[in-house]
Amino acid sequence: MRQQLDARNMLCPMPVIRTQNTVETLLPGDELEIYCTDHGALNDIPAWCRINGHEVLDKSEHNGEVIITIRVGANG
Amino acid sequence: MSQQRKAVSLISGGLDSLLATRLILDQGIHVEGINFFTGFCVEGHTHAIRNKDKNKPKRNNALWVAEQLGIKLHIIDIIEEYKDIVLNPKHGYGANLNPCLDCKGFMVRKAREWMEARSFDFIITGEVVGQRPKSQRRDTMPVIAKESGANDRLLRPLCAKSLPETLPEKEGWVDRGKLKDFSGRNRKPQMALAAELGLTDYAQPAGGCCFLTDESYSHKLADLWAARGQRDYDLDDIMLLKVGRHIRPRPNFKLIVGRDNGENNFLKGYRNRFIHMHASSHTGPLVLLDGTPDSDDIQLAAELTARFGKGKEAEQVTVTIHDKSGNEKQLSVNPFKAELIPGNWYV
Ligand code: SF4
């Protein structure tokens, strides 16, 4: 399953907190696309994923907006 | 085999909680980190806003510390609940609007609830006796343990040897002999321990862990309460106090003036909530008006907006003003003379 999370106009660490809380509701293997405007998320969300065993599938930037796609890990 | 004991560690992102956690991890305890977001935290993004700080690392220090330690980190949004701590601290404030003792008690209580919900055994913090004037004194440390309900399940590895034995020590889950007896404001023992453990890259917060210890920030917060006639705030309010020049020419409104492109971009995100203006005949900052300005006030704000742009020496500057419903109008104004701005307008 792939889900989306709108974390635009939020400052770090709010996008990380929202990502964390959304991932709690997902199952291992599920994917989440996170939309942010705070570029700090480009560092913070991958760091959060490394710590908690999730995989970053893609990071991209369009018109000042950042999209990060992650896959929930086995212990998600 | 003996049971695997588990501890939850309060991770601020600074050196002390990093060291405290490492001492316990090295004793074979399973540790997970917890970090609280109050809205006042000094975070990577605060640096990311201003141009001059572009080169500072934009990392979240708590996440970074957890990664160094190889532990999980849970970041918890306590913005709403924390208001009561800031607005009504039972033990009062420190030098500025920092309610450190209540804050610590609250965070340890939240950690205790987290620990109980997940069947963890104890809590660790990086506190050091005598390090902070109010929250980390020999006589206030038991207050935190008691008011949080953590009691003897609260272990401070960096100064445990000079405090009464806690449950993890009594039960032999951790070896008290390997804990420390640091005290006072001297940071040398922590730096020596960091070197001994091979840790070289860590954040060194100058003051406390949050903006409430900052004098000019506290002053802006007090001004906000005075102007609204009410001690309250929301997340946007306290975020906006971190950026821009704040100028209050009259009690009923203030201007928030971006100081560079980074801040202007940040303020743009708040445009819809505020009357805002910028010089359109010249380049200049984005300015938000907070409060209830009337048309006279808007005229004055436009003159001030012109003063902070490239047209400050010009005869006339056109300022474009947007109200909250998205209506736009232009005013042609004489820029306010810099030397005529009274010092006490700057909040
Ligand atoms: S500095 Fe701020 S976050 Fe740290 S204990 Fe004091 S009030 Fe709490």
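Within every chain, numbering begins at 1; the chains are lettered A, B, ... in the order of the sequence lines, protein sequences first and strands thereafter. Keep in mind that this is a model prediction, so the values were computed, not measured.
For Asn60(B) against Asp44(A), the heavy-atom pair with the smallest separation is N-OD1, 3.2 Å. The two atoms that bring Leu73(B) and Ile51(A) nearest to each other are N-CG2, 3.7 Å, heavy atoms only.
The CE atom of Met14(A) sits 8.5 Å away from the CE atom of Met239(B) when rounded to the nearest 0.5 Å. A distance of 13.0 Å separates CD in Glu67(B) from CH2 in Trp48(A), rounded to the nearest 0.5 Å. With rounding to the nearest 0.5 angstrom, the CG atom of Leu63(B) is 9.0 Å from the CZ atom of Arg50(A). A distance of 8.5 Å separates CD of Glu32(B) from CG of Asn52(A), quoted to the nearest 0.5 Å.
Remark: the backbone N or O of Ile75(B) is paired with a side-chain donor or acceptor of Gln20(A) at under 3.5 angstrom.
Within the 4.5 Å cutoff, side-chain heavy atoms of Phe37(B) are placed close to those of Ile17(A). Contact annotation: the side chain of Trp64(B) never approaches that of Asn43(A) to less than 4.5 Å [non-hydrogen atoms, C-beta and beyond].
The environment of CZ in Arg245(B) is crowded: more than 12 heavy-atom neighbours from other residues, nucleotides or ligands sit within 6.0 Å. Atom CG of Asn272(B) has 12 or fewer neighbouring heavy atoms from other residues, nucleotides or ligands inside a 6.0 Å radius. Within 6.0 Å of atom NE2 in His39(A), more than 12 heavy atoms from other residues, nucleotides or ligands are found, so the atom counts as buried in its surroundings.
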For side-chain contact (heavy atoms from CB on, under 4.5 Å), just list the numbers for Asn9(A) and Tyr270(B), CA-CA rounded to whole Å, side-chain angles, deciding distance to a tenth of an Å, and then say yes or no.
-> CA-CA 9 Å; Asn9(A) 294 322; Tyr270(B) 290 88; over 6 Å; no
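Interface remark: Ile79(B) contributes side-chain atoms only to the contact with chain A (heavy atom separation under 4.5 Å).
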